[in-house]
Amino acid sequence: MASIINQEIPEFSAEAFVNGEFKTITSEDVKGNWAIFLFYPADFTFVCPTELEDMASHYEELKGLGVEVYSVSTDTHFTHKAWHDSSEAIGKVQYPMIGDPTGRITRGFNVMIEEAGLAERGTFLVDPDGLIQVAEIHAGGIGRSAKDMLRKVKAAQYVRENDGEVCPAAWEAGQATLKPSLDLVGKI
């Protein structure tokens with residue numbers, strides 16, 4: 001499988017349910033800001049609502065960092081509304097819930113389970129240029145952590161704003177970074 005890191009997000013136009021309304025969202029709307037794409041298999045399931053609720057609990061902090069969250073499944077935006085209206089967990093979601101019934105976006109991020117017509121549990125962090133900086137895919141039974149994605153957002157933003165510096169493993173904002181150089185070779 002070819003890497004999609006630093007690849008541009010696919011072009012798309014899709015309907016989403018957001019804040020009680022239906023709204024068209026395009027790939028052009030995403031550019032200019034940081035974005036998280038949170039792909040999940042299906043509405044009205046088991047692990048999915050826990051993940052979307054977890055992301056909703058970190059949404060305000062992410063917005064404060066200039067990040068928009070887009071959840072995406074191959075369900076329709078109508079199904080997203082019905083789920084939002086009937087689930088206490090999903091009722092907390094304020095970020096756009098994109099419907100991708102044709103699978104165009106899901107295939108564009110290479111997370112389509114073709115035989116099921118569903119998305120893998122894929123998480124992607126996209127920079128303001130529309131380039132993918134983080135890509136993770138989990139097996140269906142393994143839930144993701146919004147807190148860990150928040151840490152990765154801060155690291156990606158730091159690296160973008162501080163040319164020549166990199167963030168080591170488990171880096172948290174405020175901790176020391178590294179400046180790759182000949183002097184560090186073999187010393188870490």
Side-chain angles (χ1 to χ4, degrees), residues 1-10 12 16 18-19 23 25-40 47-73 89-98 105-106 108-111 119-139 142-181 183-185 187-188:
M1 176 188 327
S3 175
I4 62 171
I5 298 299
N6 286 316
Q7 297 298 309
E8 191 168 356
I9 63 170
F12 70 86
V18 57
N19 293 323
K23 179 180 178 185
I25 296 179
T26 70
S27 49
E28 287 304 309
D29 296 330
V30 174
K31 294 178 183 173
N33 296 298
W34 288 88
I36 294 172
F37 281 82
L38 187 70
F39 288 86
Y40 63 96
V47 176
C48 302
T50 67
E51 294 179 314
L52 272 64
E53 180 182 29
D54 184 42
M55 188 63 74
S57 72
H58 291 84
Y59 186 55
E60 286 306 313
E61 187 173 0
L62 288 162
K63 291 290 283 183
L65 294 170
V67 180
E68 183 57 88
V69 176
Y70 301 95
S71 64
V72 184
S73 77
I90 299 307
K92 297 173 185 174
V93 172
Q94 296 178 342
Y95 49 81
M97 299 176 72
I98 298 175
I105 305 167
T106 305
F109 278 86
N110 200 26
V111 290
E120 296 277 9
R121 258 180 230 303
T123 312
F124 301 87
L125 176 61
V126 178
D127 72 17
D129 298 320
L131 304 178
I132 298 169
Q133 295 302 310
V134 173
E136 295 181 336
I137 302 172
H138 292 221
I142 302 170
R144 296 163 282 188
S145 167
K147 182 179 177 185
D148 193 46
M149 180 50 69
L150 180 61
R151 183 191 68 77
K152 291 172 188 174
V153 165
K154 291 176 182 178
Q157 289 179 339
Y158 185 91
V159 168
R160 183 179 172 98
E161 295 165 7
N162 295 276
D163 191 37
E165 293 184 48
V166 296
C167 297
W171 178 88
E172 295 284 346
Q175 292 180 336
T177 58
L178 300 170
K179 284 193 171 216
S181 69
D183 295 339
L184 285 182
V185 174
K187 300 209 167 109
I188 298 176

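We're numbering straight along the sequence, starting at 1. Reckoned from all heavy atoms, side chains included, excluding hydrogens, waters and symmetry mates.
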| request: Check side-chain hydrogen bond (donor to acceptor under 3.5 Å, both in side chains) between Arg144 and all other residues, then give those that pass, not counting sequence neighbours. | output: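 Scan of Arg144 (side-chain hydrogen bond (donor to acceptor under 3.5 Å, both in side chains), adjacent residues dropped) gives Glu51, Thr123.
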| task | Evaluate the side-chain proximity of Tyr95 to Leu52: yes if any heavy-atom separation is below 4.5 Å, no if none is. | result |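 Leu52 vs Tyr95: side chains touch.
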| query | What distance separates Asp129 CG from Ile9 CD1, expressed to the nearest 0.5 Å? | reply |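 The CG atom of Asp129 sits 11.0 Å away from the CD1 atom of Ile9.
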| request: Measure the spacing between OG1 of Thr50 and CE of Met55 and express it to the nearest 0.5 Å. | output: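 If we round to the nearest 0.5 Å, Thr50:OG1 and Met55:CE are 11.5 Å apart.
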| request: Using salt bridge (charged side-chain N to carboxylate O under 4.0 Å, His left out) as the criterion, list what pairs up with Arg151, not counting sequence neighbours. | output: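 Checked Arg151 against salt bridge (charged side-chain N to carboxylate O under 4.0 Å, His left out); matches are Asp148.
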| With Glu165, which residues qualify under salt bridge (charged side-chain N to carboxylate O under 4.0 Å, His left out), at least two apart? |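 Residues passing salt bridge (charged side-chain N to carboxylate O under 4.0 Å, His left out) with Glu165: none at all.
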| message | Looking at Asp29 and Lys23, is there a salt bridge between them, counting it only when a charged N and a carboxylate O are closer than 4.0 Å? | response |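 Salt bridge absent between Lys23 and Asp29.
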| task | Ignoring hydrogens and angles, tell me if any N or O in the side chain of Thr177 forms a donor-acceptor pair with the backbone of Cys167 under 3.5 Å. | result |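 Such a contact is absent between Thr177 side chain and Cys167 backbone.
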| Any residue meeting ring pair (Phe, Tyr, Trp, His ring centres under 6.0 Å) with Tyr158, in chain and number order, not counting sequence neighbours |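 Checked Tyr158 against ring pair (Phe, Tyr, Trp, His ring centres under 6.0 Å); matches are Trp171.
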| Results of ring pair (Phe, Tyr, Trp, His ring centres under 6.0 Å) for Tyr40 - residues two or more places apart only |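 Result, ring pair (Phe, Tyr, Trp, His ring centres under 6.0 Å) vs Tyr40: Trp83.
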| query | Phe37 vs Phe109 aromatic rings, parallel, tilted or perpendicular, using cut-offs 30° and 60°? | reply |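 Tilted: the ring planes of Phe37 and Phe109 meet at 30° to 60°.
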| request: Keeping to residues at least two apart or across chains, list the salt bridge (charged side-chain N to carboxylate O under 4.0 Å, His left out) pairs with something in residues 52-67. | output: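 Residue pairs passing salt bridge (charged side-chain N to carboxylate O under 4.0 Å, His left out), neighbours aside: Glu53-Lys92, Glu61-Lys154, Lys63-Glu68.
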